[in-house]
Amino acid sequence: MENSSAYQFLKSSEFTLPYREYGHGPELLIAFHGFGRSGGDFQPLEIFLQDRYTIIAFDFFYHGPHAEDSHKKMPVFTPRHMAEMIEKLLWERKKVRCSLIGYSQGGRIILGLVHQLPHRIYELFVLAPDGMKKNRMRSFVGRTYAGRMMGKYVVKNPGILFTFIRFFRHVGLINSKVEQFYLLNTHTEKDRYRIYHTWLALCKYMPNIALVRHYFASRPIRVEFLFGKYDTIIPLQSGIRFTKKMNGNINIHILECGHDILKQKKEIAEIIMKTVKSE
């Protein structure tokens with residue numbers, strides 16, 4: 001288990017997020033991990049970024065050693081709530097702006113902040129992001145009574161879930177990597193409850209794509225999108241289609257990897273630091 005002694009806690013209204021710091025630089029880089037992961041995923045970047053950035057790496061709800069009980073439902077969490085927490089963090093650190101980095105689910109989190117905190121965001125590093133398009137199943141489970149009842153039934157009776165996952169793979173609706181991802185993350189009842197309650201908590205957390213496009217074009221935000229060439233969870237072509245809709249100071253990077261893009265720590269660090277060297 002990860003050492004929890006170094007954790008700090010950011011509290012705002014009814015929500016609390018644990019985080020750890022890596023590095024000691026003057027700029028803040030606020031980091032959000034992917035589903036089933038933790039803020040510790042960003043620690044390998046410290047050696048490359050520590051003189052420029054202080055990385056604030058959150059453990060999101062239901063993740064990490066301070067996770068909420070996966071059987072416990074929490075209130076719905078929106079981009080407005082996250083923006084309030086970031087504003088509080090900036091006030092505590094006496095900063096007026098920050099940079100954001102998010103991987104997979106964390107990519108959805110930071111994209112949702114663009115239209116809440118455009119005046120606070122200096123740089124945005126978006127790694128294989130979720131949230132580029134609406135997930136209908138997630139919305140159905142999170143936003144409807146029938147979906148919530150069905151989701152809870154599946155949590156308690158996983159046989160039907162495993163049958164559907166394998167059936168979808170058999171008929172080609174999902175590929176083998178997606179099948180493995182779902183089977184791995186639904187193995188135990190605790191895992192299934194974590195997905196279920198994460199979906200409920202984030203059912204209203206979606207980026208407003210029109211506003212994201214507007215602020216990318218109208219604000220001096222440096223935006224770097226990073227995709228894995230062989231990613232089958234967030235396919236490269238989906239990312240390319242999404243970014244083509246955007247204007248502004250946007251760069252696209254294709255890394256030689258699958259969805260586990262954070263393993264390319266040196267390449268990611270070089271992308272983050274590339275403009276710093278020319279200052």
Side-chain angles (χ1 to χ4, degrees), residues 1-22 29-46 55-86 88-89 92 100-113 127-131 135 137-138 141-142 148 151-152 154-156 158 161 180-206 233 259-263:
M1 177 178 292
E2 295 172 297
N3 178 14
S4 61
S5 63
Y7 272 95
Q8 300 179 63
F9 299 88
L10 181 64
K11 299 180 180 181
S12 180
S13 67
E14 59 205 308
F15 301 102
T16 300
L17 282 175
Y19 68 90
R20 286 177 293 178
E21 292 186 33
Y22 305 115
L29 178 61
I30 302 175
F32 295 92
H33 60 79
F35 184 85
R37 307 297 305 174
S38 77
D41 282 355
F42 296 95
Q43 185 176 14
L45 293 176
E46 179 180 15
I55 302 172
I56 304 293
F58 286 105
D59 282 356
F60 214 64
F61 306 116
Y62 300 111
H63 292 74
H66 294 282
E68 296 80 358
D69 182 348
S70 63
H71 290 73
K72 180 182 178 182
K73 181 182 176 183
M74 64 177 293
V76 173
F77 187 76
T78 67
R80 179 179 60 81
H81 291 122
M82 190 70 252
E84 290 174 357
M85 300 185 86
I86 298 297
K88 182 178 181 182
L89 179 67
E92 290 176 351
L100 302 173
I101 184 170
Y103 163 65
S104 198
Q105 178 179 275
R108 173 160 57 120
I109 299 301
I110 66 172
L111 285 173
L113 287 169
L127 283 57
D130 181 23
N135 184 314
M137 177 58 71
R138 191 164 60 203
V141 171
R148 290 191 294 273
K152 184 170 287 189
V154 169
V155 166
K156 290 291 188 180
L161 172 65
Q180 292 171 20
F181 175 83
Y182 280 118
L183 291 176
L184 178 65
N185 284 288
T186 57
H187 183 66
T188 68
E189 183 175 289
K190 180 179 179 180
D191 292 334
R192 295 189 294 277
Y193 263 117
R194 180 167 62 176
I195 288 181
Y196 176 65
H197 282 138
T198 297
W199 282 14
L200 295 189
L202 297 181
C203 66
K204 295 183 179 179
Y205 203 113
M206 276 298 293
I233 305 297
H259 190 59
D260 52 353
I261 196 168
L262 276 168
K263 289 184 177 180

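Here the structure is a predicted model, which is why all the values come from computation and not from measurement.
Between the His63 side chain and the Phe61 main chain, a donor and an acceptor come within less than 3.5 Å of each other. With His187 contributing its side chain and Leu184 its backbone, the two residues share no donor-acceptor pair below 3.5 Å. A donor-acceptor contact shorter than 3.5 Å is absent between the side chain of Tyr62 and the backbone of Ile195. The backbone N or O of Gly39 lies less than 3.5 Å from a partner atom in the side chain of Asp59, making a donor-acceptor pair.
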> Stepwise, does the side-chain contact (heavy atoms from CB on, under 4.5 Å) test hold for Lys156 with Tyr193?
Replying inline: CA-CA 9 Å; Lys156 290 291 188 180; Tyr193 263 117; 3.2 Å; yes

> Checking side-chain contact (heavy atoms from CB on, under 4.5 Å) for the pair His33/Tyr103: CA distance, chi angles, key distance, verdict?
Replying inline: CA-CA 5 Å; His33 60 79; Tyr103 163 65; 5.6 Å; no

>> Walk me through whether His71 and Glu189 qualify under side-chain contact (heavy atoms from CB on, under 4.5 Å).
In response: CA-CA 9 Å; His71 290 73; Glu189 183 175 289; 3.1 Å; yes

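When all heavy atoms are compared, the tightest approach of Leu200 to Arg148 is CD2-CG, 3.7 Å. For the residue pair Pro129 and Gly107, the shortest heavy atom distance occurs at CB-CA, 3.9 Å. The two residues Tyr205 and Ile109 make their nearest non-hydrogen contact at OH-O, 2.7 Å. Nearest heavy atoms, Pro75 versus Phe15: O-CE2, 3.8 Å. Contact record, Ile55 with Phe42: CD1-O, 4.1 Å, taken as the closest heavy-atom pair. Closest approach of Pro79 to Lys204, counting heavy atoms only: CD-O, 3.8 Å.
How far NE2 of His66 is from OG1 of Thr16: 11.5 Å, rounded to the nearest 0.5 Å. Considering NZ of Lys73 and CD of Glu68, their distance stands at 14.5 Å, rounded to 0.5 Å. With values rounded to the nearest 0.5 angstrom, Leu127 atom CG is found 5.0 Å from Ile101 atom CD1. Rounded to the nearest 0.5 Å, atoms CG (Leu10) and CE (Met82) are 6.5 Å apart. Here the CG-CG distance, from Leu111 to Leu100, works out to 9.5 Å after rounding to the nearest 0.5 Å. Between atom CG of residue Leu113 and atom CD1 of residue Ile86 there is a gap of 6.0 Å, rounded to the nearest 0.5 Å.
Counting only heavy atoms from C-beta outward, the side chains of Met85 and Lys88 never approach each other to under 4.5 Å. For the pair Cys203/Val76, a side-chain contact is recorded, criterion being any heavy-atom separation below 4.5 Å from C-beta on. With a 4.5 Å cut-off on side-chain heavy atoms, Tyr196 and Ser70 do not count as touching. Side-chain contact check for Ile110 versus Phe32: some heavy-atom pair is nearer than 4.5 Å. Taking 4.5 Å as the limit, some side-chain heavy atom of Leu202 sits within range of a side-chain heavy atom of Gln105.
Using modelled atom types and a 3.5 Å distance limit, the side chains of Ser104 and His259 yield a donor-acceptor pair.
A cation-pi arrangement, defined by a distance under 6.0 Å to the six-membered ring centre and an angle within 45 degrees of its axis, is present between Arg194 and Phe35.
Glu84 has a carboxylate O that lies under 4.0 Å from a charged side-chain N of Arg80, or vice versa, which qualifies the two as a salt bridge.
At most 12 heavy atoms of other shown residues, nucleotides or ligands fall within 6.0 angstrom of atom CZ in Arg37.
Taking the six-membered ring where tryptophan is involved, the planes of His81 and Phe77 are essentially parallel, since the angle between them stays under 30° and well short of 60°.
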